[in-house]
Structures are given as C-alpha cells and as structure tokens.
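For reference, the structure discussed in these notes is given below.
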Amino acid sequence: MSMPFYVPPEQMMKEKADFARKGIARGRALIALQYQEGIVLVAENPSSNLRKISEIYDRIAFAGVGKYNEFDQLRQAGVRAADLTGYQFSRRDVQGRGLANQYAQIMGQAFTHESKPLEVEILIAEVGYDATQDRLFHITYDGTVIDETASCILGGDTDAIASRLQSNVNPNADLSTAMSLATSALSGPDRTLRCDDLEVAVLRRGDERRCFARIPDEEVERLLKG
Amino acid sequence: MTMPFFSPQQDPGANFVELVKRAGLSTFPETWSESLGVPHATTCVALKFNSGVVVAGDRRATSGNWISHRDMEKVVQTDRHSAVAISGAAGPAMDMIKLFALQLEHYEKMEGRPLSLEGKANQLSMMVRNNLPAAMQGMIVMPLFAGFDTDNQEGRIWAYDATGGRYEEREFVTIGSGGMHAGTVVKVGWKREMSAAEAIELACRSLWEAAEADAATGGPDVLRGVYPIIATITADGWVKSSDDSLGEIFERLAQEVRAR
C-alpha cells in the first residue's frame, strides 16, 4: 500500500493561497465606490455579454473577479437564495450581511476541503436607505469577509490601484466624478480605458424598488467626458 | 437556509417555481374544500390605445353576499412592462400573481435579460393550467395579462380560460362577473388610435356600468376615497392613474348620469 506524503498544513494552505491568488491576478480588476446617490461599480471588462457585475436583489448587487464559471455559479446561488428568502418571508428580510456570510461559508469550505480553492474574489454591495447604511462586503478566495467602507477593490494589482484611488475617494461626489476616478485608478498613467472596455452599474438610492441599474456604453462615454 | 447549489442534472435553471419545489417549499395546494367561503374578486378590463394598453379593475372582493374587502388590488404590476388583473378566488389568485411576478424577476436576474412579452404570457398560462385541479373544485382563477411588447413596440393583451388556454385579443378584454357589462361598454366606445386619456375614461365608464349592474363589482367609493386601479403601460413602462384624476373622471360620469 502506498503512503501519501505528509504535507504540513502551513505549506498546504500557503500553496492553495498562492494558487488562488495567481488565478485571480490574471484577470482584470474592479472598483466599487460610494457616491452621492448610492454605490457605483466599475469593472474592466471587454466583453459586454459575460458580466462581472449583476443584480442579486432589490438593494443588493454582486461583483466577481477571477474565473468566470466559478463566480457566475456563486452569483446564481445568490439570486436563488435571495429570491427564496424573499418569497418565504418578506422582501425586507433579504440582507447583504446574511448573503455575505453564506458566501464566506461556501468559499471557506472550498478552500480548506476541496482539492482546488475557488479562484475568485467577490463583492456584495448593498445600498441602504441613507449613506450610513451602505455596505460593501468583500469576500476573498479563502472565505475571509472584509467589511469595507466607501470603496473596495477586487482583483489583481490592487496595491497600485489603491495608491491611485487613495485619498481621492469622496462619498459625496456625483456619478460622473466617481466614474472618472474609478476609471483612471483602474487604467493607471500608461494607458486609457475606453467606454467599451468598461462595465458600469449602479445601486441608486431612490424610490424605485429595484435599485440596480446598468449604465449603457453611450451613457458611460457621456459621463466620462464630464 | 443554506445557499442552494445543484448538480448540472438537477439545476432548475431560471425557473423559480421549480426552484421553490427543489427547496422543499410548496407553491399551490393540490386540493381545496369546495365549502370554503373564500373571497372572490370581480371585474377587470384591458384595452389597447395608440401607444400601449390600459388595465383597470374594481376594488371589491365578495364572499357570497358579503363584501369582504373594499380596497383589494386586483390589477398588479408584474414588471416594468407588464401587468396582471385577476378575477375568481382571491387567495389563490393573489398567490399566483406574486409567484408570477417573482418568476419574471428571477428569470431576468438569472439570464441577464427579461423574458419576451409572449414568453411571459405563456408562463402565466402554465400557472393557470397548474391550478386546474383546484379550479375543478371551485377555486377558479381567471387572469388577464397586458403589457407593452418592447420587441414589436406595441401594446398586447391576453385572456385565459381555466385550462390555461391563452387567447391574444386584438382590441380589448374583460373578465369577471361584471365583465359582460363592462365588455359591452368598451365594445361600443372603443376606437383604433384612441389616446391614453380617452382609453382611461372608457375604462372608468365600463367599470361604472359593471358596478351598476353587478352586485359583486364595486363602484367608485367616494366616501372612503377608494377608486378602481387604472394604469397605462407604454414604452416608458407602467403608470398608475392618481386617485385625484380618477375622482374627477368619476365626478364627470356622475354628472352625466344625473343629467340623463
């Protein structure tokens, strides 16, 4: 009988983490920012069919970076969980924190028990009835949940993007300003991103029940011109 | 509740009703007792006008001779460009609308785009058909479906029967116990290329006449300020008429009747 090699847990965790990080770093990044009317999500995404940002529920959006099939599966499970909870109880009982915890369980489970961790990082953004109730739950490949305020960066090259974003984040900025900031932080000084390289959506605080809206390319172009 | 994951063979796709079943929650009961004196909902109208459709319904629900509700909302917006109006057993009907609206939203979120208007009408047809065993026991649910077809850029309306039969109508539809009276009024007054205001007024007039002739249909309740629900659906979506504007229209109708 062959004996499996002993691998110390520290080494196993480190190797899994390196593997997941490498997978995530290959993709393009994504930024979520609080702005005057809610939360804006800006992703670098040349495809207009394979979405990184989508609607989960009335006030909740999902964003994912990394391996598409993995985060899309998580997205679908989130829509299902939210719709079932809303059907069973009330629409008000569907909340971002609960969803974030469920995602953390699943991703943590996959990281420790599966042979391959999920190569994704996701964001659950929830727009409140006022700015103090806005929530950005950033969940990493190992199931760590980070409760971020005002801004959140997902994907590779986060340090460079964070340094460009840095002190410029202003929750009272209008949509055009917030989008320009996110776009320049994503692109960096050496290149420019065109509107069809971007995927932009907002969670708009307002009277509508469903707060999520995609911003079409023409509108993105107009807003980036200022 | 744990987050629902499925194997590819078990995956319910964008179908919310299937998902509810897989999650172990029931949607509609299979059988009902015939003797249950449940509230019934009555007259609803839908008609086309030059840029969309008008949907209207009175507010009364009755259990036999008893008026059980005076402010029931039988006309319900199901998404940005569609609405359902119901007559029949109120409990299962409201459940059906809730589930139908959820199905439309669930599909849109799962697939990233809404169903076509025809797809929505078909979906409702399946729900009515699934209710057939209950309908056989007296729990009949009769909806009408109206919406704006963003592909063809026109308003469209559908009527149903208890077996899920789906009939697209060219001009107007009326359902419920006062539907015959309302239908006659709409039939006489309907013109191709009506404006929204004309169509709203015709809908008010038809509900007025239905309430005059049918005890189960409620007229405008001036005392409590409860007016029928009347909404237009056009390319810009659903717009519900305000009680103030309906109050004016009904006041005008009342004056006409007094002057007869």
Side-chain angles (χ1 to χ4, degrees), chain A residues 47-58 60-62 68-70 72-91 93-95 98-110 114 118 122 124 139 143 199 201 207-214, chain B residues 1-28 73 76-83 92 94-115 123 127 150 231 236-240 242:
Chain A
S47 166
S48 58
N49 289 307
L50 305 177
R51 304 288 197 186
K52 288 184 172 176
I53 306 167
S54 31
E55 177 184 14
I56 292 257
Y57 212 61
D58 295 352
I60 303 172
F62 173 99
Y68 176 78
N69 70 320
E70 291 182 350
D72 197 58
Q73 207 183 4
L74 292 172
R75 174 191 74 86
Q76 294 199 355
V79 172
R80 286 174 174 153
D83 278 351
L84 280 174
T85 309
Y87 176 69
Q88 211 178 354
F89 306 109
S90 135
R91 295 198 82 92
D93 296 316
V94 180
Q95 292 190 346
L99 273 173
N101 283 334
Q102 286 182 303
Y103 277 126
Q105 294 289 335
I106 286 158
M107 291 165 77
Q109 183 83 6
E114 305 280 320
L118 293 171
I122 62 171
I124 296 297
I139 304 149
E199 180 186 346
D207 304 331
E208 296 274 321
R209 176 169 69 79
R210 290 167 76 178
C211 300
F212 182 86
R214 290 188 189 285
Chain B
M1 198 182 346
T2 53
M3 201 166 252
F5 280 94
F6 301 96
S7 67
Q9 293 80 21
Q10 289 287 309
D11 196 297
N15 188 334
F16 185 69
V17 179
E18 274 304 311
L19 173 64
V20 170
K21 283 187 196 149
R22 297 256 199 320
L25 305 169
S26 74
T27 49
F28 299 125
E73 306 202 351
V76 179
Q77 179 187 13
T78 45
D79 68 0
R80 189 168 146 70
H81 286 110
S82 70
M94 295 316 280
D95 252 5
M96 189 185 287
I97 296 189
K98 181 183 168 191
L99 199 59
F100 176 64
L102 268 173
Q103 168 67 72
L104 300 190
E105 185 188 325
H106 187 70
Y107 183 97
E108 187 182 328
K109 289 191 290 195
M110 292 294 280
E111 297 291 320
R113 66 181 166 80
L115 272 167
Q123 178 71 55
M127 287 189 175
T150 47
D236 299 327
W238 151 285
V239 180
K240 195 173 146 197
S242 70

Could you look at [X] and say if it's the side chain, the backbone, both or neither that has a heavy atom under 4.5 Å from chain B?
{"X": "I56(A)", "answer": "backbone"}
{"X": "N101(A)", "answer": "neither"}
{"X": "F212(A)", "answer": "neither"}

* To do: Please determine if R91(A) and E105(B) form a salt bridge, counting it only when a charged side-chain N lies under 4.0 Å from a carboxylate O.
  =>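 Counted as a salt bridge, because a side-chain N and a carboxylate O are separated by less than 4.0 Å.
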(request) Using a strict cut-off of less than 4.0 Å between a Lys/Arg side-chain nitrogen and an Asp/Glu carboxylate oxygen, indicate whether R80(B) and E208(A) qualify as a salt bridge. (result) no
Between [X] and [Y], is any pair of side-chain heavy atoms under 4.5 Å apart?
{"X": "R80(A)", "Y": "M3(B)", "result": "no"}
{"X": "Y87(A)", "Y": "K98(B)", "result": "yes"}
{"X": "V20(B)", "Y": "Q88(A)", "result": "no"}

What's the separation between atom [atom1] in [X] and atom [atom2] in [Y], rounded to the nearest 0.5 Å?
{"X": "I106(A)", "Y": "F5(B)", "atom1": "CD1", "atom2": "CZ", "value": "4.0 Å"}
{"X": "F6(B)", "Y": "Q73(A)", "atom1": "CZ", "atom2": "CD", "value": "11.5 Å"}
{"X": "L84(A)", "Y": "L19(B)", "atom1": "CG", "atom2": "CG", "value": "4.0 Å"}

Exercise. Does CD in Q105(A) sit with more than 12 non-hydrogen atoms of other residues, nucleotides or ligands closer than 6.0 Å?
Worked result: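 Result for CD/Q105(A): open.
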inquiry  = Looking at every heavy atom in both A77(A) and P4(B), which two are closest together, and how far apart are they?
reply    =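 Smallest heavy-atom distance, with atoms named: CB-O, 3.5 Å.
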E108(B) meets the side-chain contact (heavy atoms from CB on, under 4.5 Å) criterion, sequence neighbours left out, with R210(A), P114(B)
Heaviest contributor of heavy-atom pairs below 4.5 Å to chain B, chosen from L99(A), D83(A), N49(A), is D83(A)
